[in-house]
Amino acid sequence: MEVKSTSKFVRLSPKKARDVAREIQGLPASSALDILTFTPKKAAQLIGKTLKTAIADADNNFGLDTGTLVIKEAVIGSAPTLRRYKPRAKGSAGPILRRSSHISITLEGSAPEKKKKKAATKATTPKKEETPAPAEEQA
């Protein structure tokens with residue numbers, strides 16, 4: 001089963017975030033969290049939050065085993081860009097593009113196996129038919 005979690009309008013350039021996202025694709029969720037914890041980039045913190053959300057959703061909403069979760073894909077898409085302008089020489093203006101991104105993480109895991117209930121011993125043995133006791137003479 002797949003679980004998807006998304007963070008939208010994150011104030012971080014998609015180009016910078018994709019470097020971190022490529023490192024965790026295909027890894028188990030627990031080792032990906034370890035890598036993100038010790039990666040000294042802003043993107044690692046934001047991707048880590050999204051990954052923790054996906055793990056929590058898989059556990060609470062879908063009942064998946066967190067030990068079997070694997071990152072199927074980590075996609076960083078571009079979000080709307082804020083456009084600002086800075087004055088330049090001879091009365092012109094130079095654009096400043098403040099980019100933002102959408103972070104989407106898809107986890108793949110399996111549901112925990114259900115234990116089979118043992119059949120009751122009474123149900124497996126055939127029932128004996130009860131025969132009424134012979135009627136005694138009534139005086």
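Note that this is a predicted model, so its numbers are computed, not measured.
In this structure, CZ on R83 lies 13.0 Å from CD1 on I96, to the nearest 0.5 angstrom. With rounding to the nearest 0.5 angstrom, the OG atom of S78 is 13.5 Å from the NZ atom of K15. Remark: L46 CG to L51 CG distance equals 12.5 Å, nearest 0.5 Å. Between L107 atom CG and T68 atom OG1 the span is 10.0 Å, to the nearest 0.5 Å.
No side-chain heavy atom of R98 sits under 4.5 Å from any side-chain heavy atom of T81. Two residues are said to be in side-chain contact when any heavy atoms from C-beta on lie closer than 4.5 Å; L97 and L82 fail this criterion. The shortest side-chain heavy-atom distance between T50 and T6 does not fall under the 4.5 Å cut-off.
In this structure, the side chain of R18 engages the main chain of I76 through a donor-acceptor pair within 3.5 Å. Although no hydrogens or angles enter the test, the distance criterion places a donor-acceptor pair under 3.5 Å between the side chain of Q25 and the main chain of A74. Side-chain N or O atoms of K42 include one that pairs as donor or acceptor with a backbone N or O of R11 at under 3.5 Å. Checked by atom type and distance alone, the side chain of S31 never pairs as donor or acceptor with a backbone atom of L27 at under 3.5 Å.
For the 3.5 Å distance criterion, the side chains of S5 and T53 fail to qualify, holding no donor opposite an acceptor.
A continuous path of Ile, Leu, Val, Met, Phe, Trp and Tyr side chains, each step under 4.5 Å between heavy atoms, connects L33 with V20, placing both in one hydrophobic cluster.
Legend: ring pair (Phe, Tyr, Trp, His ring centres under 6.0 Å) pairs involving residues 40-62, not counting sequence neighbours: none detected. For residues 1-42, every residue pair satisfying the ring pair (Phe, Tyr, Trp, His ring centres under 6.0 Å) rule, not counting sequence neighbours, is listed here: F9-H102.
Here K72 pairs with E2 under the salt bridge (charged side-chain N to carboxylate O under 4.0 Å, His left out) rule; sequence neighbours left out. Applying the side chain to side chain donor-acceptor pair (under 3.5 Å) test to D19 and every residue at least two apart in sequence or in another chain returns R22. With sequence neighbours left out, the side-chain contact (heavy atoms from CB on, under 4.5 Å) criterion links K16 to S13. Residues satisfying the side-chain contact (heavy atoms from CB on, under 4.5 Å) criterion with S30, sequence neighbours excluded, are P28.
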